[in-house]
Amino acid sequence: MNDSSLSRLDLLRFLERAQEREVERQRGIRTRPPTPEWLIELGLNRHAAPVYVHVGECWNAGKRSRGISRDQARRAPADGVKACPQCQPDRALGMLD
């Protein structure tokens, strides 16, 4: 690299910033909370009923999803919440039709 506009000090500072970012990224990965085992997808507003129950790592869970307990996931269909057709939490919960 023969670009005279960048000094060796500039290059070292760049490397230090890159290393600091990587350390911070790794810390974020380590301290990330665990994925919930079950999710409930909430409606469009606070007055709307929940839309679906999902398995925790469902690819189709919307951004309005939040973690719930296994008992809450089992009770949700009785409250009229549908099981996600993609991840089929009713099967994972042992609740067959």
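Below, all heavy atoms of this structure are taken into account, side chains as well, without hydrogens, waters or symmetry copies. Computed from a predicted model, the values in this text were never measured in an experiment.
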Listing, residues 13-20 side-chain donor-acceptor contacts under 3.5 Å, not counting sequence neighbours, or none:
none

Side chains of residues 51-60: which donor-acceptor partners sit under 3.5 Å, not counting sequence neighbours?
unit_1 : atom_1 : unit_2 : atom_2 : d
His54  : NE2    : Glu41  : OE1    : 2.7
Asn60  : ND2    : Gln86  : OE1    : 2.9

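Of the inter-residue distances, the one linking Ser69 atom OG with Ile40 atom CD1 reads 10.0 Å to the nearest 0.5 angstrom.
Residues forming a salt bridge (Lys or Arg N to Asp or Glu O under 4.0 Å) with Arg27 (at least two apart in sequence, or on another chain): Glu24.
Nearest heavy-atom pair, Gly62 versus Ser65, reported as atom, atom and distance to 0.1 Å: O-OG, 2.9 Å. Of all the heavy atoms in Ala92 and Trp38, the pair that sits closest is CB-CH2, 3.7 Å.
Note on Leu93 and Ile68: same hydrophobic cluster, where clusters join Ile, Leu, Val, Met, Phe, Trp and Tyr whose side-chain heavy atoms are under 4.5 Å apart, directly or indirectly. Criterion: ILVMFWY side-chain heavy atoms under 4.5 Å apart, direct or through other members. Under it, Leu39 and Val81 are not part of a common hydrophobic cluster.
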